[in-house]
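Quick notes on the structure that follows.
Numbering of ligands and ligand atoms starts at 1, following listing order.
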Amino acid sequence: MAGTGTHYDAVIIGGGHNGLVCAAYLAAAGLKVVVLERRGVVGGAAVTEEFYPGFRNSVASYTVSLLNPKIIRDLELAANGLRIVERKSSNFLPTADGRYLMLGNGKTHSEVAKFSPKDAARLDEYAASLNRVADVLRGLVLETPPNVVEGGWRQALPELLRAGRTGKMLAKLPMAARRDLLALFATSAGDFLDGWFESDPIKAIYGFDGIVGNYASPYTPGTAYVLLHHVFGEVNGKKGAWGHAIGGMGAITQAMAKAAANRGADIRVNTAVREVIVEKGTAVGVVTDTGEAIRAKAIVSNLNPKLLYRQLIDAAELPADFRARIGRWRCGSGTFRMNVALSELPRFSALPDPGEHLTAGIILAPTLSYMERAYFDARLHGWSKQPIVELVIPSTLDDSLAPPDRHVASLFCQHVAPHLADGESWDNHRETVADLMIDTVNTYAPNFKAAVLGRQIMSPLDLERTFGLIDGDIFHGALTLDQLFSARPMLGHGNYRGPLRALYMCGSGTHPGGGVTGAPGHNAAREIIADFRHKRLS
Ligand SMILES: Cc1cc2nc3c(=O)[nH]c(=O)nc-3n(C[C@H](O)[C@H](O)[C@H](O)COP(=O)(O)OP(=O)(O)OC[C@H]3O[C@@H](n4cnc5c(N)ncnc54)[C@H](O)[C@@H]3O)c2cc1C
């Protein structure tokens with residue numbers, strides 16, 4: 001095993017956006033940090049690449065909202081080249097009967113009233129109550145959850161104080177908001193929305209957020225939380241809005257990498273870690289795939305916890321119960337992702353002329369029951385013949401992605417089985433399912449198929465192979481109540497620390513979970529810096 005000459009305070013395994021954020025904060029605190037990234041480019045699931053000659057797009061993650069404003073400020077991402085623009089219209093949903101619903105840009109009320117004046121009249125109250133609860137979440141995003149500890153009062157006291165602070169925040173909520181909070185944490189998106197609205201299109205647009213990256217029927221309890229998870233963000237100060245990073249999601253992570261490097265972090269690409277070195281219960285270094293050993297006082301993992309603990313650490317080094325439970329960490333968001341190069345913009349039958357609807361998140365799933373069927377079909381057959389597709393055409397907001405008069409589109413397709421029955425490989429079905437996704441768009445926009453010049457396909461297996469996303473899970477683990485907050489990734493380890501001393505987690509498998517938030521990286525860095533300050537690392 002060859003060793004490097006450099007002595008690092010921290011080695012970060014993985015250069016996803018959270019690894020980069022963590023590196024930037026650690027380096028800013030004066031620590032000597034190195035980030036080791038397996039791929040040839042940093043950014044993890046938030047990267048922009050050329051996928052067809054002359055056409056670039058965000059390969060996986062494709063739209064921005066959850067990126068925390070404090071992190072944007074602290075890392076000076078704007079000065080490092082990041083510019084985020086708003087969509088001109090937030091969502092567009094063509095209906096099965098040839099009509100459409102378009103939200104945003106001051107039109108939401110009149111648009112919803114086309115389907116139900118009663119629903120239009122409830123919109124403000126719905127938004128206000130959702131926002132009250134989303135504000136609670138916003139308040140918790142950059143907090144370390146209270147850790148559930150064993151032992152005496154000495155261990156328990158700091159955690160009780162933390163829990164007390166969280167409780168105080170909740171106690172400030174009026175009773176109606178506490179009831180909403182309970183509903184949003186415990187019920188399904190479908191039941192929640194049925195309680196507010198009567199018309200299908202508005203329920204479908206809002207309900208889509210409940211099944212994004214969440215392999216479940218919109219009527220599965222817990223999906224209301226996922227809906228909430230998708231509204232706690234903001235774009236340029238506008239709460240709940242989604243936008244586009246000019247240059248694609250890679251622009252975010254390139255700016256983060258610059259911020260980390262400017263603060264003194266070393267970043268190495270094409271450097272996969274194959275093993276964490278553990279001595280007497282303490283993580284002391286890593287071994288790369290070329291056999292190089294790099295030692296450090298703190299080892300920080302940006303990976304899905306299941307990948308870290310099941311593949312990079314000798315089983316004998318871990319408590320058996322911990323190892324068994326992490327083996328049961330639920331992953332598999334049921335995601336199929338495509339990028340297409342287009343010779344022209346799609347013309348939707350419901351609204352054929354180009355317009356602001358083409359800057360929106362275009363949801364091709366007209367009702368909640370359609371989404372429920374897609375889920376059941378996928379459970380039975382691997383995918384649905386009527387799948388759920390969100391289409392986003394970022395080149396309508398960003399001319400850096402495609403040649404003049406040409407376009408790129410992201411297809412974010414929900415509800416394919418993470419694993420196919422009888423051991424069937426996704427490699428044998430990816431082209432068929434890709435054709436189906438394009439045909440699905442074509443039923444709403446009949447020029448679409450002929451406009452496709454080239455395509456990139458990411459089945460769940462491709463997502464795992466390319467990005468290390470176990471079972472293709474876009475969030476590093478399901479956002480279910482048993483896998484959130486103090487229990488992310490496991491009760492007793494909700495504070496970015498696992499059972500091995502000096503080994504930290506900073507990825508989406510920790511609080512507050514998936515999405516391009518930067519929050520796990522930020523929070524883990526705070527914990528690691530505190531451990532250095534209190535001389536708990538040497
Ligand atoms: C298809 C898709 C669509 C999405 N859409 C959105 C969206 O529109 N908006 C949004 O906010 N979120 C979206 N998400 C979720 C979001 O992108 C992720 O939650 C987030 O990017 C994860 O960031 P991370 O830094 O925690 O981990 P990752 O991005 O997964 O980074 C982990 C890094 O570790 C590297 N790695 C793995 N193994 C090793 C090893 N052994 N050695 C060294 N390096 C290793 C990987 O290559 C990767 O770079 C999407 C995700 C996917 C996959």
Please set out all donor-acceptor pairs under 3.5 angstrom arising from side-chain atoms of residues 40-49, sequence neighbours excluded.
from	atom 1	to	atom 2	distance (Å)
T48	OG1	G247	O	2.8
T48	OG1	M249	N	3.4
T48	OG1	G250	N	2.8
E49	OE2	R39	NH1	3.1
E49	OE2	R39	NH2	3.1

Pairs under 3.5 Å, N/O atoms on ligand 1 and on the protein: can you put them in a table with the distances?
from	atom 1	to	atom 2	distance (Å)
ligand 1	8 (O)	Y62	N	3.1
ligand 1	8 (O)	T63	N	3.0
ligand 1	8 (O)	T63	O	3.3
ligand 1	9 (N)	S61	OG	3.4
ligand 1	9 (N)	T63	O	2.8
ligand 1	11 (O)	V516	N	2.8
ligand 1	12 (N)	S61	OG	3.4
ligand 1	19 (O)	I474	O	3.1
ligand 1	19 (O)	S508	OG	3.4
ligand 1	19 (O)	G515	N	2.8
ligand 1	23 (O)	H17	ND1	3.1
ligand 1	25 (O)	H17	N	3.2
ligand 1	25 (O)	H17	ND1	3.4
ligand 1	25 (O)	N18	N	2.9
ligand 1	25 (O)	N302	ND2	3.1
ligand 1	26 (O)	N18	ND2	2.9
ligand 1	26 (O)	N302	ND2	3.4
ligand 1	26 (O)	S508	N	3.0
ligand 1	26 (O)	S508	OG	2.8
ligand 1	27 (O)	H476	NE2	3.2
ligand 1	29 (O)	A45	N	2.9
ligand 1	30 (O)	H476	NE2	2.8
ligand 1	41 (N)	V273	O	2.9
ligand 1	42 (N)	V273	N	2.9
ligand 1	44 (N)	R38	N	3.2
ligand 1	47 (O)	E37	OE2	2.7
ligand 1	49 (O)	E37	OE1	2.6
ligand 1	49 (O)	E37	OE2	3.2
ligand 1	49 (O)	G44	N	3.4

| Taking only residues two or more places apart in sequence, or in another chain, which ones meet R501 in a salt bridge (Lys or Arg N to Asp or Glu O under 4.0 Å)? | none
Please tabulate, for side-chain N and O atoms in residues 487-494, each donor-acceptor pair with protein atoms closer than 3.5 Å (sequence neighbours left out).
from	atom 1	to	atom 2	distance (Å)
R488	NE	S508	O	3.0
R488	NH1	A478	O	3.2
R488	NH1	Q483	O	2.8
R488	NH2	F475	O	2.9
R488	NH2	G477	O	3.0
R488	NH2	S508	O	3.0
H493	ND1	R497	O	3.2

| Quick one: does D471's side chain have a donor or acceptor within less than 3.5 Å of a partner on D473's backbone? | no
| field | Residues S410 and N57: side-chain donor-acceptor under 3.5 angstrom | value | yes
| field | ring-ring contact (aromatic ring centres under 6.0 Å, His included) partner of Y375, the single match among Y370, Y215, W383 | value | Y215
